[in-house]
Amino acid sequence: MKTEAIMAKLQAKYPLEKEYLQAVQEVLESIEDVYNQHPEFEAAKIVERIVEPDRIFTFRVTWIDDRGEVQTNTGYRIQFNSAIGPYKGGLRFHKAVTPSMLKFLGFEQTFKNALTTLPMGGAKGGSDFDPVGKSDAEIMRFCQAFMLELWQCIGPDQDIPAGDVGVGGREIGFLYGMYKKLAREYNTGVLTGKGGTWGGSILRPEATGFGALYFTQHLLDKAGKTIEGKKVALSGFGNVAWGAATKATQLGAKVVAISGPDGVCHILDGITKEMIDYMLVMRASNRNKVEDMAVKFPGKAVFTPGKKAWSIPCDIALPCAFQNELSEDDAKELKANGCWCCCEVSNMGCQPGAIHFFQNNGILFAPGKAVNAGGVATSGLEMTQNAEHISWDAQEVDDKLHFIMKSIHEQCVKFGTQPDGHVDYVKGANIAGFMKVATAMLEQGIV
Ligand code: GLU
């Protein structure tokens, strides 16, 4: 297999799908050497098959806004790969959603889910619906209209969606209510990230951020460092950033920045419990403005419009917002300001130039598919609880999440340790995930 030749074919076939091509390129570059040691993979054309989704559903979603006007959006579900289990992955509601974005996310999800140790295939879905400025009633009507189409594509043993950007507990509630009415299935298994009283796992809302910090602890430990007292800059203020801020603070780090599309809040003395709680209020308001934190906590949070979290001096950078949010220039600014570690929490949060800069300048770096896998892993734990009709307490879920993040770190070390002894976490995560999915595909024949 030659990465260049496969990429040339994909580029010709999908010339406009930038994010998808970027995600595939990163994985193929990482696995090329290992792949070429396995002629049986080449014979079964595993790479050519693994880069294509199993199937894509596209549907029209029509709903009525608060002024009585008819609105039309496009909905998607991309079932990417089912080699190791039923399709599993989130739904993203964001105005910039395209098939390319969801294909990149579904592709990444396939390897991420393989790393979790749980039997889950990869999927992603969503819509170009923009939640910013929408009322709760509008969000409910949109979710119901979206589910009117989606329900026939999903099922507890078939495809289990969850949240992602723009889809949290509120949206999962509306989606689930409509699914039940349509499917007449009442066993709680079809979506994860549900409310605690109707099948949701305790700690699922926190899990992506908590898991990211557990992974960061293992990475720092391996490098002979600790997190106590370190300054952490994180981007975003949604569910993932909230969980990361909570756990980083519990572990003794000082969160000095959060950000939004409007700019950055420098948090002078480190984030407090009240500020972390306020992040939830900001998310629920649908305003999408981080400036609200500075208005609520004057003198403690200082807002600068148009700037990113990466402009605030820190030890550890945690991108928690959106793909490609951290550029090579941002990476240089981080280094100039003293940053020495970046754990990517968002999916593909760092541009390729930023990753190469980190790797070539001795900055510890780990990719999203390893760092953020605690979210979908806890979704997997929610599925287990649903299937057994029981619920575990917080300690049990947290212990299992700890175990999974430790195992993901071990897989990265196993497959990513280089001849000079340093760990290439990008290679480690990609090779570990790929080997598991590719082996399963091989054993299941040409399908
Ligand atoms: N959207 C999350 C992710 O990127 C969670 C998916 C899930 O829980 O299924 O992994």
Side-chain angles (χ1 to χ4, degrees), residues 1-4 6-7 22-39 41-42 46-47 50 107-108 110-112 114-117 211-227 230 315-319 326 328 330-332 334-335 338-373 404-439:
M1 173 285 259
K2 281 261 169 294
T3 298
E4 267 176 42
I6 295 185
M7 287 312 300
Q22 180 186 337
V24 173
Q25 167 106 29
E26 184 208 286
V27 170
L28 296 195
E29 272 173 8
S30 294
I31 61 155
E32 186 169 328
D33 290 348
V34 175
Y35 188 87
N36 289 334
Q37 290 159 18
H38 289 268
F41 287 166
E42 183 67 19
I46 295 289
V47 154
I50 215 168
F107 181 72
E108 294 268 306
T110 300
F111 302 107
K112 181 198 313 197
L115 292 173
T116 64
T117 74
L213 267 295
Y214 298 155
F215 187 94
T216 305
Q217 277 189 302
H218 286 295
L219 175 139
L220 295 182
D221 186 52
K222 174 93 182 130
K225 297 175 186 288
T226 59
I227 195 159
K230 303 299 182 308
D315 298 293
I316 300 169
L318 300 179
L326 199 156
E328 186 173 347
D330 296 328
K332 289 179 180 161
L334 278 167
K335 180 171 160 47
C339 172
W340 46 265
C341 174
C342 173
C343 284
E344 189 182 62
V345 195
S346 43
N347 291 311
M348 208 166 78
C350 296
Q351 296 178 17
I355 298 177
H356 294 144
F357 181 83
F358 287 142
Q359 291 177 328
N360 295 334
N361 285 276
I363 295 178
L364 294 165
F365 176 76
K369 61 172 83 65
V371 178
N372 74 29
I404 289 169
M405 298 317 295
K406 180 163 172 276
S407 155
I408 296 173
H409 184 262
E410 281 164 2
Q411 294 175 66
C412 290
V413 171
K414 177 174 168 200
F415 288 99
T417 302
Q418 301 303 293
D420 67 0
H422 93 278
V423 182
D424 182 332
Y425 283 88
V426 176
K427 270 198 164 165
N430 284 333
I431 296 172
F434 176 81
M435 287 304 287
K436 187 168 172 186
V437 179
T439 307

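Only heavy atoms go into these numbers, but all of them, side chains included; no hydrogens, no water, no symmetry mates.
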Only counting residues at least two apart or in another chain, list the ones meeting ring pair (Phe, Tyr, Trp, His ring centres under 6.0 Å) with Phe365.
-> Phe358
Can you name the residues that form a salt bridge (charged side-chain N to carboxylate O under 4.0 Å, His left out) with Glu328, not counting sequence neighbours?
-> Lys332
Among all residues two or more places apart in sequence or in another chain, which pass the side-chain contact (heavy atoms from CB on, under 4.5 Å) test with Asn360?
-> His356
Please identify each residue that fulfils side-chain contact (heavy atoms from CB on, under 4.5 Å) with Lys222, with sequence neighbours left out.
-> His409, Val413, Val423, Tyr425
With sequence neighbours left out, the residues meeting side-chain hydrogen bond (donor to acceptor under 3.5 Å, both in side chains) with Glu4 are none
Apply side-chain hydrogen bond (donor to acceptor under 3.5 Å, both in side chains) to Gln217 and list each qualifying residue two or more places apart in sequence or on a separate chain.
-> none
For Phe415, check side-chain contact (heavy atoms from CB on, under 4.5 Å) against everything at least two apart and list the hits.
-> Ile431, Ala432, Met435
Sequence neighbours left out, what passes side-chain hydrogen bond (donor to acceptor under 3.5 Å, both in side chains) with Thr439? Give chain and number order.
-> none
Ignoring hydrogens and angles, state whether a donor on the side chain of Gln22 or Glu26 is under 3.5 Å from an acceptor on the partner side chain.
-> no
Only counting residues at least two apart or in another chain, list the ones meeting salt bridge (charged side-chain N to carboxylate O under 4.0 Å, His left out) with Lys406.
-> Glu410
side-chain contact (heavy atoms from CB on, under 4.5 Å) filter on Lys230, not counting sequence neighbours, yields Thr226, Asp315, Ile316, Trp340
Ring pair (Phe, Tyr, Trp, His ring centres under 6.0 Å) partners of Tyr35, counting only residues at least two apart = Phe41, Phe434
Identify, with sequence neighbours excluded, every residue that meets side-chain hydrogen bond (donor to acceptor under 3.5 Å, both in side chains) alongside Glu32.
-> Thr3
